[in-house]
Amino acid sequence: MKSSRIPAFYRLTVEERRQKLAAALGLSPDDRAVLEAADALPLDVADIMVENAVGTFALPFGVGLNFVVNARDVVIPMVVEEPSVIAAASNAARMVREGGGFVADADPPVMTAQIEVMGVVDAAAGRARVEAAREELLAMAHAALPRLAERGGGAQELEVRVDPHCPDRLIIHVHIDCRDAMGANMVNTVAEALSEKVARLAGGRSGLRILTNLCDRRCVRVSARVPPAALASEGQDGAAVRDGIVAASRFAEDDPYRAATHNKGIMNGVDAVVIATGNDWRGVEAGAHAFACVSGRYRPLATWRNEGGDLAGQLEMPMAVGTVGGTLHAHAGARLAQRILGVTDAKTLATIIASAGLASNLAALRALATDGIQRGHMALHRRSLGPSEGPRPPAMGSAEPSSPAPTRSSLREGDRP
Ligand code: MEV
């Protein structure tokens, strides 16, 4: 696509937005049909996906605009129930664009299987025997996933730890390159294939065998620079806004209660893209929060500094997402999201998701450091209550009481991306 910047997109009707998007991205008639279908997830597919299905549950599907990630313009599909998340991320992406866009890189797609062995009489000797069998065990892991090895992935490394809390427990980690899959099924297959053998070698009995969601070998890093002029708005000096954002970052670095909310703002953007692309957002959430406290203290995933006058931010977090397998097989909307992004590989997808997270964080901190969150948030939130036809129930996840709904024209320009 030429540009992810589509000015005044929000002013268009939904139909006009679809047309603009289809033209900008070159969407096929089939893609258009998925966008328009009321049943992007037909009931018979839902019935195969989960047990006891009695219906489907829809959420808004929007697009984050203005993003440049690694010098490529990208329109980012976002599925989220909370008003203002998409507008705020798009707004922040426009500021980051002024500084050259997001720069991101992702680790190889390595996930880790954990095999627990319990009741080990001599942990040091058990550990030595498992380590001595490393090559044989890795070969067994490859044999369990022959197609992954053909695609250049597979088990790479094996580590043995004696649990410091429980000296008769050994924990064996097998690190597996999952290529473009999220990899949970493959990793669990390896864990189960190896567990009996590992337990025999260790001289104990087999315990749990499952992936860890703290996939800290599969991290993504993204940075952004924003010139102060891009942070300024009516009555707000850009340098003062920058300093306010840096102070907000320091607050999160100092205080875990604030860090939790800071990270929630990041996950607003992250989860919206993870869900849109059919990935496991609970896994990404678990990894994010475990990673946030690996130092023993809960920390912000993203921090901001004044670098030579510019606001400079960086984010690092695990990102277990895939572009093949899982929900993608079943969900036409998730497949469309991937085509909108123009990605086919998991690493590029991870960089885009992390960029949406950093954008969401920037937008939240900018609002908090200036007007406060309620002004913009609630204007968009009220919009979600629909046309002016009296009080409506509050939107999901909102503490706002029922209130008369404003019209579209009552929104200020500044509330918009
Ligand atoms: C609300 O969904 C997210 C924020 O609370 C994030 C933050 O405080 O940084 C606004």
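Quantities reported herein were computed from a predicted structural model and do not represent experimental measurements. Note: hydrogens, waters and symmetry copies are ignored here, and every other heavy atom, side chains too, is used. Counting starts at 1 for both ligands and their atoms, in listed order.
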Subject >> Any N or O of N268 closer than 3.5 Å to N or O of ligand 1 >> reply: yes

Original post:
Just which atoms of ligand 1 are under 4.0 Å from any heavy atom in H262?
Top reply: 9 (O)

Subject >> Numbered atoms of ligand 1 (with element) below 4.0 Å of L368, judged on heavy atoms >> reply: 7 (C), 8 (O), 9 (O)

Subject >> Side chain, backbone, both or neither: the part of I373 lying under 4.0 Å from ligand 1 by heavy atom >> reply: side chain

Using a 3.5 Å cut-off and no angle test, enumerate the donor-acceptor pairs between side-chain atoms of residues 283-290 and protein atoms at least two apart in sequence or in another chain.
unit_1, atom_1, unit_2, atom_2, d
E285, OE1, H289, NE2, 2.8
H289, ND1, Y298, OH, 2.7

Just distance, no hydrogens or angles: give the donor-acceptor pairs under 3.5 Å from side chains in residues 242-252, sequence neighbours left out.
unit_1, atom_1, unit_2, atom_2, d
R242, NH1, G309, O, 2.7
S249, OG, E253, OE2, 2.6
S249, OG, W304, N, 3.0

**OP:** Run down the list Q374, K264, R258 and name the one with the heavy atom closest to atom 9 (O) of ligand 1.
**Re:** R258

Original post:
Will you find, in the side chains of H173 and E157, an N or O donor that is under 3.5 Å from an N or O acceptor?
Top reply: no

**OP:** With heavy atoms under 4.0 Å as the rule, classify the contact between V85 and ligand 1 as side chain, backbone, both or neither.
**Re:** neither

Original post:
Are side-chain N/O atoms of S28 and D30 paired as donor and acceptor at under 3.5 Å?
Top reply: no

Original post:
What do you reckon, is CZ of R147 surrounded by more than 12 foreign heavy atoms closer than 6.0 Å?
Top reply: no

Original post:
Is there any N or O on N361 that sits under 3.5 Å from an N or O of ligand 1?
Top reply: no

**OP:** Output the list of atoms in ligand 1 that are nearer than 4.0 Å to some heavy atom of E82, sorted by atom number.
**Re:** 1 (C), 2 (O)

Original post:
R218 and M111: side-chain contact (heavy atoms from CB on, under 4.5 Å), yes or no, with the steps?
Top reply: CA-CA 7 Å; R218 196 178 191 175; M111 299 292 285; 3.3 Å; yes

